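Accompanying notes for the structure given below.
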Amino acid sequence: MKRNLFKDTMKVLNIHERELEASFSKVGELIDSLASQRDRLWPIRSWPRMEFDRPLEIGARGGHGPIHYFVEDYTQGESIRFCFTGPKGFDGFHEFDIVTALDKPVVLRHTLKMNTHGLAILSWPLVIGPMHDALIEDAFATAQYSLGLTVKIQPWSPWVKILRWIFSGGKPRPQLPPGHQFKTDMQA
């Protein structure tokens, strides 16, 4: 019997967590800042900016790079869930939420849960998944920086560096620590 890979589905559950020595409300403010001019969570120095057609609220549509979604659920200061609308073959959601009590340390979690089908069965494990993992770890480093904490950078894997080189036409942006200041001609 011949199988057709593109008619199959693959379940994906991808969870990242980071303990943050900060109050629940301060971590909640990071979630609330997503896609704003003062975004303190998304790693915009190295990754495509998260953008929406309006401020964060249920129904806002947008995404980052080739990944598209809308705000499915939002509890200010606690959690936000985005439902995928693209790429084709991504059926599910990703979300940021705070998963601990009001004590320190607070755990910020990112969960991606979906079923993939079609070409996404290949693109997720080979391309988008590794890039996603690197982006989320950079977001957690950005959160630490924004809260004035010691920043833990998870270096990109060689595969992520190769993918970024390919998709940038040989001119990838480097992995920059949050708060990195570029030297100007005046400072040199």
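Not measured: the values here are computed from a predicted model. Nothing fancy with the numbering, it's 1 onward along the sequence.
- Rounding to the nearest 0.5 Å gives a distance of 13.0 Å between CD of Glu57 and CZ of Phe70.
- In terms of hydrophobic clustering, with Ile, Leu, Val, Met, Phe, Trp and Tyr side chains grouped at heavy-atom distances under 4.5 Å, Ile15 and Leu41 are assigned to different clusters.
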(request) Go through Leu108 and Ile31 one step at a time and tell me if the side-chain contact (heavy atoms from CB on, under 4.5 Å) criterion holds. (result) CA-CA 9 Å; Leu108 178 61; Ile31 293 171; 4.0 Å; yes
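- Note that NZ of Lys152 is 10.5 Å distant from CD of Glu19, once rounded to the nearest 0.5 Å.
- Taking a cutoff of 4.0 Å between a charged side-chain nitrogen and a carboxylate oxygen, Glu137 and Arg18 qualify as a salt bridge.
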(request) Show your reasoning for whether ring pair (Phe, Tyr, Trp, His ring centres under 6.0 Å) applies to Trp159 and Trp165. (result) CA-CA 10 Å; Trp159 182 238; Trp165 184 83; over 10 Å; no
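- You'll find the side chain of Met10 reaches within 4.5 Å of the side chain of Pro125, heavy atoms only.
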(message) Working note: Trp156 + Asp138, criterion side chain to side chain donor-acceptor pair (under 3.5 Å); need CA distance, chi angles, decisive distance, verdict.
(response) CA-CA 9 Å; Trp156 293 339; Asp138 285 354; 2.9 Å; yes
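- In this model, no donor atom of one side chain and acceptor atom of the other lie less than 3.5 Å apart for His117 and Asn115.
- To the nearest 0.5 angstrom, Ile80 atom CD1 is 11.5 Å from Asp97 atom CG.
- Here Ser79 contributes atom OG and Arg109 contributes atom CZ; the two are 10.0 Å apart, rounded to the nearest 0.5 Å.
- Of all heavy-atom pairs spanning Gln144 and Leu20, the tightest one is CG-CD2, 3.6 Å.
- Between Pro66 and Ile128, the closest side-chain pair of non-hydrogen atoms is not below 4.5 Å.
- Geometric assessment of Arg164 against the ring of Trp47 yields a positive cation-pi assignment under the 6.0 Å and 45° thresholds.
- Relative ring orientation between Tyr69 and His64 is described as tilted, the plane-to-plane angle lying within the 30° to 60° band.
- The side-chain heavy atoms of Ile153 and Gln175, taken from C-beta on, include a pair separated by under 4.5 Å.
- Between atom OG1 of residue Thr116 and atom CG of residue Leu122 there is a gap of 9.0 Å, rounded to the nearest 0.5 Å.
- Counting all heavy atoms, side chain and backbone alike, Ala120 lies closest to Ser123 at CA-OG, 3.2 Å.
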(request) Please report the C-alpha distance between Met114 and Asp91 in whole Å, then the side-chain angles of each, then the deciding distance to 0.1 Å, and finally whether the side-chain contact (heavy atoms from CB on, under 4.5 Å) criterion is met. (result) CA-CA 5 Å; Met114 67 178 173; Asp91 297 326; 5.6 Å; no
(message) Walk me through whether Thr142 and Trp42 qualify under side-chain contact (heavy atoms from CB on, under 4.5 Å).
(response) CA-CA 7 Å; Thr142 301; Trp42 200 257; over 6 Å; no
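- Judged by distance alone, the side chain of Glu95 and the main-chain N or O of Asp73 form no donor-acceptor pair under 3.5 Å.
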(request) Dump the intermediate steps for side-chain contact (heavy atoms from CB on, under 4.5 Å) on Arg81 and Val71, then the final yes or no. (result) CA-CA 6 Å; Arg81 177 179 283 190; Val71 177; over 6 Å; no
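- With a 4.5 Å cut-off on side-chain heavy atoms, Ser33 and Arg40 count as touching.
- Of all the heavy atoms in Ser46 and Pro174, the pair that sits closest is OG-O, 3.1 Å.
- Contact check on Asp53 versus Arg61 returns no salt bridge, with no Lys/Arg side-chain nitrogen under 4.0 Å from an Asp/Glu carboxylate oxygen.
- A heavy-atom distance below 4.5 Å is not found between the side chains of Ile136 and Leu112.
- Atom CG of residue Leu56 and atom OG of residue Ser36 lie 7.5 Å apart, to the nearest 0.5 angstrom.
- In terms of heavy-atom proximity, Ile98 sits nearest to Gly28 at CD1-N, 3.5 Å.
- Looking at every heavy atom in both residues, Val27 comes nearest to Ala22 through CG2-CB, 4.0 Å.
- Looking only at side-chain heavy atoms (C-beta outward), Thr111 and Asn14 stay at 4.5 Å or farther from each other.
- Side-chain contact between Val127 and Phe167 is present, with heavy atoms from C-beta onward closer than 4.5 Å.
- Minimum heavy-atom separation, Glu21 to Pro105: OE2-CB, 3.6 Å.
- No continuous path of ILVMFWY side-chain contacts below 4.5 Å connects Phe90 to Phe93, so the two sit in separate hydrophobic clusters.
- Here the side chain of Asp32 pairs a donor or acceptor atom with the backbone of Gly77 at under 3.5 angstrom.
- With a 4.5 Å cut-off on side-chain heavy atoms, Leu147 and Lys26 count as touching.
- By the 30° and 60° cut-offs, the orientation of the rings of Trp124 relative to His132 is tilted.
- Taking the six-membered ring where the residue is Trp, His94 and His110 present tilted rings, their angle falling between 30° and 60°.
- Taking the six-membered ring where the residue is Trp, Phe82 and Phe52 present parallel rings, their angle staying beneath 30° rather than reaching 60°.
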